[in-house]
Amino acid sequence: MSIFSPSRYITCVEHIDLDALWASGKRAILLDRDNTLVPRDRTCAPDSVAAWLDRARELGFELIMVSNNWHVSHVSRSAGELGMDYISFACKPLPFAITAGMKRLGARKEEAVMVGDQLYTDVWGGKLAGVTTILVKPQSTADLWYTQIFRIFERMALRGVPCEE
Ligand SMILES: [Mg+2]
């Protein structure tokens, strides 16, 4: 398992089994925004994502959005719509914002999971912060130009890695 290997690789956030996550002792979910909760080419999260988040809260999970997006207004609006706190301009893969997010939720490393669509920001950052990581497939093919470059390396790194439906 390298620093770039996610603990799990799942097709989308809504397919993460929340009951199993809870049963495994996880209590806090840190979530990337762009292409994880909100498609990069849209401004709102799909209803299915909102429903999954509602279910997470019902179970008792603490949630926070940890986004590299530097448009604070975009991040704060999405976080507000989805009913969670947020940290924007997180500078993942640096682990500091993830660690700060855990602290805000009062969660220990063992209780936290970082979910995101990028290997070189979300997974790497989560690993550096010492938490379980779940990689999901990006919701859309729209990406920032530099993300598109990282996607090339990501595809190479994920070659042969099975993705759970
Ligand atoms: Mg993302």
Side-chain angles (χ1 to χ4, degrees), residues 5-69 71-93 95-119 121-140 142 158 161-165:
S5 303
S7 316
R8 304 273 300 275
Y9 181 28
I10 301 179
T11 190
C12 62
V13 80
E14 305 96 298
H15 286 192
I16 297 171
D17 184 338
L18 289 163
D19 296 285
L21 209 56
W22 185 268
S24 72
K26 301 302 178 197
R27 297 294 180 262
I29 311 178
L30 298 95
L31 295 139
D32 171 55
R33 175 187 184 271
D34 298 317
N35 268 342
T36 298
L37 298 179
V38 182
R40 184 87 219 173
D41 52 1
R42 286 173 48 183
T43 53
C44 293
D47 290 345
S48 54
V49 168
W52 182 85
L53 294 169
D54 285 342
R55 170 87 181 117
R57 271 186 290 264
E58 265 170 43
L59 282 170
F61 279 106
E62 298 284 348
L63 308 173
I64 189 166
M65 188 180 286
V66 181
S67 173
N68 275 6
N69 199 316
H71 297 288
V72 184
S73 60
H74 296 185
V75 180
S76 65
R77 194 186 56 216
S78 294
E81 285 168 0
L82 297 171
M84 68 180 88
D85 199 0
Y86 70 92
I87 295 174
S88 61
F89 201 37
C91 299
K92 294 169 286 182
F96 309 114
I98 296 171
T99 303
M102 275 192 285
K103 208 171 214 175
R104 231 186 258 187
L105 300 182
R108 290 175 290 117
K109 282 179 190 176
E110 314 81 69
E111 297 172 319
V113 54
M114 176 74 218
V115 181
D117 71 301
Q118 284 192 64
L119 208 48
T121 56
D122 306 309
V123 171
W124 195 8
K127 288 229 160 183
L128 290 173
V131 304
T132 296
T133 55
I134 298 179
L135 179 70
V136 293
K137 289 189 172 173
Q139 290 169 307
S140 81
L158 290 172
V161 177
C163 181
E164 301 168 47
E165 280 301 314

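In this text, all values refer to a predicted model and were calculated from it rather than measured experimentally.
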Taking only residues two or more places apart in sequence or in another chain, which ones pass side chain to side chain contact (heavy atoms under 4.5 Å, CB included) with E164? R8, I10
Could you grab the distance from atom OG of S5 to atom CG of L119, nearest 0.5 Å is fine? 7.5 Å
Give, for atom NZ of K92 and atom CG of L30, the distance between the pair rounded to the nearest 0.5 Å. 9.5 Å
Minimal heavy-atom distance between T11 and C163, with the atoms involved, is N-SG, 3.5 Å
To the nearest 0.5 Å, what is the distance between CG on L37 and SG on C12? 11.5 Å
Does S78 have any side chain to side chain donor-acceptor pair (under 3.5 Å) partners at least two apart in sequence or in another chain, and if so, which? R33
Any non-hydrogen side-chain atom of R40 less than 4.5 Å from a side-chain atom of P138? no
For E111, give me all partners under side chain to side chain contact (heavy atoms under 4.5 Å, CB included), at least two apart in sequence or on another chain. R27, A107, R108
Residues two or more places apart in sequence or in another chain: which of them pass side chain to side chain contact (heavy atoms under 4.5 Å, CB included) with D19? D17, R55, L59
H74: ring-ring contact (aromatic ring centres under 6.0 Å, His included) partners, not counting sequence neighbours: H71
Smallest heavy-atom separation, E14 atom then S48 atom, equals OE2-OG, 2.7 Å
Apply the test side chain to side chain contact (heavy atoms under 4.5 Å, CB included) to residues M65 and V75: give CA-CA distance (whole Å), side-chain angles for both, the deciding distance (0.1 Å), then the verdict. CA-CA 8 Å; M65 188 180 286; V75 180; 3.9 Å; yes
List the residues meeting side chain to side chain contact (heavy atoms under 4.5 Å, CB included) with A50, not counting sequence neighbours, and say none if there are none. L82
How long is the gap from CG on L21 to NZ on K26, to the nearest 0.5 Å? 7.5 Å
If you look at every heavy atom in I98 and A129, which pair is closest and at what distance? CG2-CB, 3.6 Å
Working note: I16 + I134, criterion side chain to side chain contact (heavy atoms under 4.5 Å, CB included); need CA distance, chi angles, decisive distance, verdict. CA-CA 9 Å; I16 297 171; I134 298 179; 3.9 Å; yes
L63 and L53, any side-chain heavy atoms less than 4.5 Å apart: yes
Can you list the steps and then say if V13 with V49 is a side chain to side chain contact (heavy atoms under 4.5 Å, CB included)? CA-CA 7 Å; V13 80; V49 168; 3.9 Å; yes
For N68, which residues count as a side chain to side chain donor-acceptor pair (under 3.5 Å) partner, sequence neighbours excluded? none
Do D117 and K137 have side chains that get closer than 4.5 Å, going by heavy atoms? no
Q139 and P46, any side-chain heavy atoms less than 4.5 Å apart: yes
For R77, the side chain to side chain donor-acceptor pair (under 3.5 Å) test, sequence neighbours excluded, returns none
Going by atom types alone, do T133 and K127 pair a side-chain donor with an acceptor below 3.5 Å? no
Considering only distance and modelled atom types, tabulate donor-acceptor pairs under 3.5 Å from the side chains of residues 84-91, sequence neighbours left out.
| from | atom 1 | to | atom 2 | distance (Å) |
| --- | --- | --- | --- | --- |
| D85 | OD1 | R104 | NH1 | 3.2 |
| D85 | OD2 | R104 | NH1 | 3.0 |

Nearest heavy atoms of D34 and N69, plus distance in Å: OD2-ND2, 3.0 Å
Any side-chain heavy-atom pair of L31 and V66 under 4.5 Å: no
Roughly how far, to the nearest 0.5 Å, is CG of D32 from OG of S67? 6.0 Å
Pairs touching residues 30-61 that satisfy ring-ring contact (aromatic ring centres under 6.0 Å, His included), sequence neighbours left out: W22-F61
Grab the two heavy atoms, one from L128 and one from P93, that are nearest each other, plus how far apart they are. CD1-O, 3.2 Å
Residue set satisfying side chain to side chain donor-acceptor pair (under 3.5 Å) with S140, at least two apart, ordered chain then number -> N35
Value rounded to 0.5 Å, distance of CD in E81 from OG in S76: 9.5 Å
